[in-house]
There are 4 protein chains.
Amino acid sequence: MTQEIEIGMGKSGRMCYALDDVAIVPSRRTRDPQDVDTTWQVDAYQFGIPVIGAPMDSSMSPDTVIELGKLGGLGVLDLEGLWTRYEDPTPQLRMIAQARDDEATVLLQKLYAEPIKPELITARIKQIRDAGVTVAGALTPQRTQEFYSTVVDAGVDLFVIRGTAVSAEHISQSHEPLNLKKFIYELDVPVIVGGAGTYRAAMHLMRTGAAGVLVGAGGSAVSSSRTILGMHVPMATAIADIAAARKDYMEESDGRYVPVIVDGGLGTTGNFVKSFAMGADAVMMGSALARAYEAPGQGTHWGREATHKSLPRGRRVSLEQVGTMEQILTGPSTRADGSMNYIGALKRAMASTGYTNLRHFQDCPVIATPYGA
Amino acid sequence: MTQEIEIGMGKSGRMCYALDDVAIVPSRRTRDPQDVDTTWQVDAYQFGIPVIGAPMDSSMSPDTVIELGKLGGLGVLDLEGLWTRYEDPTPQLRMIAQARDDEATVLLQKLYAEPIKPELITARIKQIRDAGVTVAGALTPQRTQEFYSTVVDAGVDLFVIRGTAVSAEHISQSHEPLNLKKFIYELDVPVIVGGAGTYRAAMHLMRTGAAGVLVGAGGSAVSSSRTILGMHVPMATAIADIAAARKDYMEESDGRYVPVIVDGGLGTTGNFVKSFAMGADAVMMGSALARAYEAPGQGTHWGREATHKSLPRGRRVSLEQVGTMEQILTGPSTRADGSMNYIGALKRAMASTGYTNLRHFQDCPVIATPYGA
Amino acid sequence: MTQEIEIGMGKSGRMCYALDDVAIVPSRRTRDPQDVDTTWQVDAYQFGIPVIGAPMDSSMSPDTVIELGKLGGLGVLDLEGLWTRYEDPTPQLRMIAQARDDEATVLLQKLYAEPIKPELITARIKQIRDAGVTVAGALTPQRTQEFYSTVVDAGVDLFVIRGTAVSAEHISQSHEPLNLKKFIYELDVPVIVGGAGTYRAAMHLMRTGAAGVLVGAGGSAVSSSRTILGMHVPMATAIADIAAARKDYMEESDGRYVPVIVDGGLGTTGNFVKSFAMGADAVMMGSALARAYEAPGQGTHWGREATHKSLPRGRRVSLEQVGTMEQILTGPSTRADGSMNYIGALKRAMASTGYTNLRHFQDCPVIATPYGA
Amino acid sequence: MTQEIEIGMGKSGRMCYALDDVAIVPSRRTRDPQDVDTTWQVDAYQFGIPVIGAPMDSSMSPDTVIELGKLGGLGVLDLEGLWTRYEDPTPQLRMIAQARDDEATVLLQKLYAEPIKPELITARIKQIRDAGVTVAGALTPQRTQEFYSTVVDAGVDLFVIRGTAVSAEHISQSHEPLNLKKFIYELDVPVIVGGAGTYRAAMHLMRTGAAGVLVGAGGSAVSSSRTILGMHVPMATAIADIAAARKDYMEESDGRYVPVIVDGGLGTTGNFVKSFAMGADAVMMGSALARAYEAPGQGTHWGREATHKSLPRGRRVSLEQVGTMEQILTGPSTRADGSMNYIGALKRAMASTGYTNLRHFQDCPVIATPYGA
């Protein structure tokens, strides 16, 4: 039963929950963490760990994309980021890492005003492909028509279309918008698309033929999206809703299972765990991976929405670098703050609640508490 | 269904919500921000942006009233403020801006003890009228009878009556109170009046003939009103209730549409956006405009209730000046804290939820979350 | 309808509310603050303002009891405090005011270990009586039998019995407990008694013949009582419940109206206002009056439960001194933090919601908000 | 009635409460604190105070186990802690106490990598037994099979099996897991086992023959367990649920009463009190006893889950040392922060609500408040 509350006369709203509002509770049966399986797949691609590197310049460079692939995950390069705007973005990354807080936004706006070079898209993708890992690149819906053929020609395995709010039905008075259904149908490459925040938005994206759906607001930091646009996709509710869409769509499509991928805003291993218990198949990580020693952000983190020329929606933040990417993903952890050993935490939580694989763990009971922490 | 909760035996209260408690969520359809229309009108006056400058000395001087008008909004001068008490209030504004926190209240009490000069009312209004923008001035209910003819003679287009709690039925044992209905009926100029916090209060104000109704507690800072008087008008609920009154009144009046104007306490572009999704037609802004480089408050902000001689209800606060008034209203923004590009944020939010004009956006679905942030 | 929630299987609890959770909202009618009447009475004694000075050494000395009486309120001296233990407690008060935070509790324990002298009870009461104000003194239930005849012989108008949890039915294996009903019946002086936290506790106290009932936990700071004893009397709920008991008792007693007096924990003028809207007749103030320049605490405040020899339940806290007692009670206020002009705030709130006397204001509608502030 | 809320479509969760969310309220009858009885028993062992020292190296050494026993409680030594890894752990304890915050986790991981020596288990147990107090030692489920015979041979009175999530049905692909039912059945010594978080988990543990059940997540700090594993056992709900299991199991077993022991996360005397009102028989204390002058942690505190080699779930924290263990347990208290005189607070709370023994106090009514504090 949906909880509708009356906000005012004639205006009701559904009560929605964040991952901080829920938790898992162990019950009768327990298992060993080493007996837990964390594999998952999207289209024909299988992965050992349910982690996707978010297409953000602070965490995913060609090198870290390759490293993440070798660790069993999927790295996604932002094809509209610094790596396709600059031949060698090393100086730009250093400038961002060293900027003062109060000058960082303006610096980002300036650096991302540099045009995208198609030949750099080709070169970056080639570098990743040559390393032998699964190749994935991301564009925004706004620029997909402009660059997709370059991307496809360069040879990606998975195509990611990612924006703050991506719908199957975009209407424009000034240009012919991307027809997502036609685009996906004609493309040979499977497409992961989002962010979607509701059952309906996700269901429509699944019907366009999407190979996977991103849950969220395109990686916008939750607080910025709420503070600046008044928009909020509370994650626990959104994941469960979109998992319900996955189930209903599977029925209507005679069996196509479209993975639900949580896009951002998690922060801790605990919320990573809860995502799966709410119904997710994989998680797209931004800040978690930006904490790696080898992350290009060098102790800072930002999303592309923070670079918008007239309405930046996010900040460059400073993060403590806590370990190697491998340690962050699979340990050993040297800290007790939920920033390290994501897979170890997931396995232990699944074991403590008696589950052996991710698909079953989606049914794990959860509780709600009146406050987040 | 109204949510009544039992506070104690025999005492129930309705559960009410602030804008921080709600959010919009994008759903199936999206649009381009440039396809969004933000015009609105009150009586015969049409405006390009739904922004009214609150009659507060920290943000609205004759000069900034004019500037706001030229930017498409409506500036309102406080006709009981420093500009009608002092020939040139520049020294007083500087004193306030430079006062220490612990001496500011007493300074305000002293400076606002200076009598209002009718000839200054006339002069200020003339200056604004000569600039060619829509002219609006504000009085409190207490002093409307004393000064309204001076105001009308000076030539205003819109008359604003604004207090903490303005009712259609004020009762006094010591004087003949303002009969609002008679006053509005006999006045040639349309009157915007408030603050009102409930359906009933707003309905009665509409029935007096008000051209627009202010929602809130007359711009009193929310926290002060609650801390000092125990009074609180949670904005999300109040806007929806008063929007319901607008609809019912439109029916009973055979079609008169009385704009609902949110008066203060918003703080961020996100809450500005949510106001319209809850049912508002326009927003009266105080602190947001006090952040402009050209604001008379010079980095400080206060309301007139902070100047009360025996019960000040608000403080002079310090604000960071973030950009020009134009940048604050229409960008470009150089910050990601919700303090700049109000109209850009509104357009993007409307576009992301698929709406093209403000009247339709009033129907935008909202969600509630268990905590504000 | 009572809101019972299931905490766990077989264990439910009623949802209770603090004053911070509720607020008043102005509606249709408004009045002038000067038309508001704030008188009230207990037994045959009438007072101009509904303020009782809590029997605490930090705020009520013989001098401030007299001052409060002359301002229209009722001061109550703690007859087990420093004034009845020391001939001249000035040095002790100075020591407490000057103690470091980490040594204050032990100092209080030591100073209050000094025995009570009956002759000092007599002398203090005489001093107050000679000043011509209503005379009231407080004892705890534990020591009432020991000292009451001294108190009565000294000539009090009102007798206050005040403890953390006072019941009409105290059971002891080691001594004959105070039989409250018999005690009150035989005493010539009206007795105000509490704290009571529930309808049932208050109803029983009313049936003992109490002239007034204190709501709360005997002035224990809310947080200490909850932190240390796990005990909490959320004030909004408790006031409403006990106001309901007052009504039911009035019916069963054929018309005896027992005033409901809120005992402590309010903090601001806003919560003072809300107390009456929830059903109170008067408020017993501790920290508010300890902020006066002339308060014996000299910028510090503590309750007697903070002096307990083995389980202190409260701390000596530092408070800013904000004005004279007169300013704190009736203004003018020079601050906007809810610490000054209690009566002015009450009158303005009553006027803004259209009420002219306290008994009617008890019916003022309230709202609830999901968070305190 | 269980409160199920819809988190998202197809995913509901029960609303659960922490001890901070509830409180007790005094009602009609009161008693004297000295008339209150706090004895309880597990199996054949009776104790004067319902306090168990948690098997944590920061609070329980052989010496403090003995001291606690002499004070009427039950100390439990961690048989996998420093005292069974090092002949004399004094230098290790000093190193931990002196480590900087950012190096403490790695230090713990290193020190706890030292192997456990069976002969030290024997020696520690002998030392405690020789002192004449009840002897109890704790192992984790993982290592019970390895060490239990050493423990039993050394002569314990009570055996404690304690882990984050202990179930009656552990499944492993790599080894034969501990069959708890068979183990308990064959052992001569009564076994206390946990943590359990639900009715079902506890019921199954009772059916294995457990002499007592620990409620919680094995003493993991609540925040770490939630932050790192996404797992949370809100204590108020868990205690009530498991008390319900105790009642149902007593019926199905024809009268076996299995004490419910709250394991950790309480923090204050107030929450200690509330535990019993929710249904507990005793409380296992960690940080409270680590505040004693004589505690081995010397002003620091950690649990064994903080020493995990790949996924530490807890930190070494600094605590203020507030008094002797005796003062902490039975006063006199010199502070008003809920850190001293646990038994005094319990007795006073029971007296204020009219109860004379712990079993009756389990029925004490509680209230809920919308926020923790």
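In the text below, chain A, chain B and the rest are named by the order of the sequence lines, each starting its count at 1.
No other option in C/M340, C/K247, C/M278 has as many heavy-atom pairs under 4.5 Å with chain B as C/M278. Ranking B/L108, B/V166, B/I171 against chain C, the residue ahead of the rest is B/I171, based on heavy-atom pairs under 4.5 Å. Interface summary for chain C: among B/G10, B/S172, B/A201, the most heavy-atom pairs under 4.5 angstrom belong to B/S172. Note: B/C16 leads B/G13, B/C16, B/A202 in heavy-atom pairs under 4.5 Å with chain C. The greatest number of non-hydrogen atom pairs below 4.5 Å with chain C, out of B/S310, B/G8, B/P234, is found for B/S310. Interface remark: of the candidates C/N341, C/I239, C/V273, C/N341 forms the most heavy-atom pairs closer than 4.5 Å to chain B. Per-residue counts of heavy-atom pairs under 4.5 Å with chain B were compared for C/G331, C/A368, C/A23, C/P332; the largest is that of C/A368. Ranked by heavy-atom pairs under 4.5 Å with chain B, the list C/A349, C/G338, C/A345 is led by C/A345.
The contact between B/H170 and chain C is made by backbone and side chain atoms together, counting heavy-atom distances below 4.5 Å. Looking at C/D363, the atoms closer than 4.5 Å to chain B (heavy atoms on both sides) all sit in the backbone: N, CA, C or O. Neither the backbone nor the side chain of C/E320 has a heavy atom closer than 4.5 Å to any heavy atom of chain B. With a 4.5 angstrom heavy-atom cutoff, C/Q327 does not touch chain B via any of its atoms. For C/A277, the part lying near chain B is the backbone, with the side chain staying farther off; criterion is any non-hydrogen pair under 4.5 Å.
The structure places CD1 of C/I367 at 10.0 Å from CD1 of B/I5, a figure rounded to the nearest 0.5 Å. With rounding to the nearest 0.5 angstrom, the CG atom of B/L311 is 11.5 Å from the OG1 atom of C/T330. Summarising the geometry, atom CG belonging to B/L107 is positioned 13.0 Å from atom OG1 belonging to C/T334; distances are rounded to the nearest 0.5 Å. If you take SG on C/C364 and CE on B/M231, they are separated by 8.0 Å, rounding to the nearest 0.5 Å. Here CG of B/L229 is found 10.0 Å from CG of C/L346. Values are rounded to the nearest 0.5 Å. Rounding to the nearest 0.5 Å gives a distance of 14.5 Å between CD1 of B/I228 and CZ of C/F272.
Between the side chain of B/K11 and the main chain of C/P365, no donor-acceptor pair closer than 3.5 Å is present. The backbone N or O of C/S333 lies less than 3.5 Å from a partner atom in the side chain of B/Q109, making a donor-acceptor pair. Judged purely by atom type and a 3.5 angstrom limit, B/S167 uses its side chain to pair as donor or acceptor with the backbone of C/T30.
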Start with the C-alpha gap between B/R313 and C/R348, add the side-chain angles, then the distance that decides, and say whether side-chain contact (heavy atoms from CB on, under 4.5 Å) holds.
-> CA-CA 11 Å; B/R313 300 182 302 284; C/R348 178 162 292 269; 3.5 Å; yes
Could you check B/M9 against C/I242 for side-chain contact (heavy atoms from CB on, under 4.5 Å), going step by step and ending with a plain yes or no?
-> CA-CA 8 Å; B/M9 293 167 68; C/I242 293 176; over 6 Å; no
CA sep, side-chain torsions, deciding dist, call: C/R14, B/E6, side-chain contact (heavy atoms from CB on, under 4.5 Å) | CA-CA 10 Å; C/R14 182 176 175 214; B/E6 195 209 53; 3.4 Å; yes
When you look at B/R226 and C/T369, which way does the side chain to side chain donor-acceptor pair (under 3.5 Å) test go after all the steps?
-> CA-CA 12 Å; B/R226 187 160 176 147; C/T369 51; 3.1 Å; yes
Given the rule in the side-chain contact (heavy atoms from CB on, under 4.5 Å) test, do C/T269 and B/T227 qualify, once you have shown the distances and angles that lead to the verdict?
-> CA-CA 7 Å; C/T269 53; B/T227 303; 5.7 Å; no
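B/Y148 OH: 12 or fewer foreign heavy atoms inside a 6.0 Å radius. The local environment of CD in C/E326 is sparse, with at most 12 non-hydrogen atoms from other residues, nucleotides or ligands closer than 6.0 Å. Other residues, nucleotides and ligands contribute only 12 or fewer heavy atoms inside 6.0 Å of the CD atom of B/E176.
Residues B/G314 and C/A336 come closest through the heavy atom pair O-CB, 3.0 Å.
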